[in-house]
Amino acid sequence: MSRAVEETNRAMLRARDAMDRAYAEPLDIPTLARIAHVSEAHFIRTFRATFGETPHRYLQRRRVERAMYLLLHTDREVTDICTAVGFGSLGTFSRTFRQIVGESPTDYRKQQTAPVAPVPSCFTKAWTRPSSFG
């Protein structure tokens, strides 16, 4: 791997780490591009080439992952969870959740509360992690 590619990967990882840390805060492309020390257009292209999805889609998926956890492990209302993970609109949250997970947040919570046989947590995390690859 060339030094230029390594530096680019490090820059994209810095931005992705920032999204992972502050997923519930309003993040925009100019802020993330500054973190990566590149222009906005270059940031979007390079992020997609590096991680296989746009920064916006990655952030949405990260927020939905956190919402999935909160739906299963808390009794908070769906609206509460929506705002806690960084969505400004319940409609956008529900639509995005359905696109990524395949069912509404309420249906996900109902379906996942059935008892299951114990399995290692690494399998559970890998199996339930939403994917943008279909």
Side-chain angles (χ1 to χ4, degrees):
M1 177 182 319
S2 73
R3 182 158 172 81
V5 171
E6 186 176 338
E7 288 300 317
T8 299
N9 288 345
R10 287 179 193 267
M12 294 303 110
L13 283 170
R14 273 194 309 270
R16 191 181 73 175
D17 289 347
M19 285 189 267
D20 288 341
R21 276 191 311 274
Y23 64 88
E25 298 173 17
L27 293 170
D28 58 1
I29 296 299
T31 302
L32 295 169
R34 276 194 304 277
I35 291 169
H37 304 294
V38 295
S39 73
E40 296 171 26
H42 184 70
F43 173 71
I44 294 169
R45 281 191 310 271
T46 307
F47 191 95
R48 184 175 195 153
T50 304
F51 299 114
E53 60 189 344
T54 64
H56 178 70
R57 189 60 177 184
Y58 178 81
L59 185 58
Q60 283 184 322
R61 191 171 51 79
R62 180 69 184 96
R63 288 173 172 169
V64 167
E65 287 174 358
R66 182 63 181 153
M68 290 169 68
Y69 177 84
L70 292 172
L71 285 165
L72 294 182
H73 296 93
T74 68
D75 292 332
R76 294 169 72 173
E77 296 289 327
V78 173
T79 308
D80 229 11
I81 292 172
C82 163
T83 56
V85 299
F87 283 94
S89 157
L90 182 59
T92 302
F93 170 67
S94 296
R95 183 180 66 248
T96 304
F97 193 96
R98 182 180 297 276
Q99 287 172 345
I100 293 173
V101 179
E103 57 191 341
S104 72
T106 305
D107 291 343
Y108 176 80
R109 176 180 265 169
K110 286 178 190 172
Q111 192 171 24
Q112 300 299 321
T113 56
V116 289
V119 295
S121 62
C122 59
F123 286 119
T124 304
K125 288 179 182 177
W127 186 260
T128 60
R129 183 174 185 144
S131 171
S132 60
F133 298 113

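Treat the numbers as computed from the prediction; the structure is a model and nothing was measured.
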For this session: Mind checking side chain to side chain contact (heavy atoms under 4.5 Å, CB included) for Ile44 and listing every partner two or more places apart, or none if nothing turns up?
Result: Ile29, Pro55

Problem set entry | For Thr31, side chain to side chain contact (heavy atoms under 4.5 Å, CB included) partners two or more places apart | Asp28, Arg34, Ile35

Exercise. Between Cys82 and Ser89, what is the shortest heavy-atom contact and its length?
Worked result: SG-O, 3.6 Å

For this session: Applying side-chain contact (heavy atoms from CB on, under 4.5 Å), run through His42 and Arg45 and close with a yes or a no.
Result: CA-CA 5 Å; His42 184 70; Arg45 281 191 310 271; 3.8 Å; yes

Problem set entry | Distance, nearest 0.5 Å, that separates CG of Leu90 from CG of Asp80 | 11.0 Å

Exercise. Counting N and O atoms only, with roles assigned by atom type, does the side chain of Arg66 sit under 3.5 Å from a partner on the main chain of Val85, one being a donor and the other an acceptor?
Worked result: no

For this session: Flag the pair Glu77 / Thr83 as yes when at least one side-chain heavy-atom distance between them is below 4.5 Å, and no otherwise.
Result: no

Exercise. Minimum heavy-atom separation for Ala36 to Ala15, with atom names?
Worked result: CB-CB, 4.4 Å

Exercise. Given side chains that start at C-beta, do those of Leu27 and Leu59 come closer than 4.5 Å, heavy atoms only?
Worked result: yes

Problem set entry | Leu71 CG to Ser104 OG distance, which is reported to the nearest 0.5 Å | 9.5 Å

Problem set entry | Glu103 and Lys110, any side-chain heavy atoms less than 4.5 Å apart | no

Problem set entry | Those residues that, when tested against Arg10, pass side chain to side chain donor-acceptor pair (under 3.5 Å) (two or more places apart) | Glu6

Problem set entry | For Thr8, all residues meeting side chain to side chain donor-acceptor pair (under 3.5 Å), sequence neighbours excluded | none

For this session: May I ask you to test the Met12-Val38 pair for a side-chain heavy-atom distance under 4.5 Å?
Result: yes

Seminar exercise, completed: With sequence neighbours left out, the residues meeting ring pair (Phe, Tyr, Trp, His ring centres under 6.0 Å) with Phe43 are Phe47

Exercise. Could you state the interatomic distance from CD (Gln60) to OG1 (Thr92), rounded to the nearest 0.5 Å?
Worked result: 8.5 Å

Exercise. So, do Phe97 and Ile81 sit near enough that their side-chain heavy atoms are less than 4.5 Å apart?
Worked result: no

Exercise. Side chain to side chain donor-acceptor pair (under 3.5 Å) with His37: which residues, sequence neighbours excluded?
Worked result: none

For this session: Please say whether more than 12 non-hydrogen atoms of neighbouring residues, nucleotides or ligands are located less than 6.0 Å from CZ in Arg62.
Result: yes

Exercise. With a 4.5 Å heavy-atom cut-off, do Phe51 and Leu13 have their side chains touching?
Worked result: yes

Exercise. Does a side-chain heavy-atom distance below 4.5 Å link Tyr108 with Leu72?
Worked result: yes

Problem set entry | Atom pair CZ (Arg109) and CZ (Arg76), whose distance is rounded to the nearest 0.5 Å | 10.0 Å

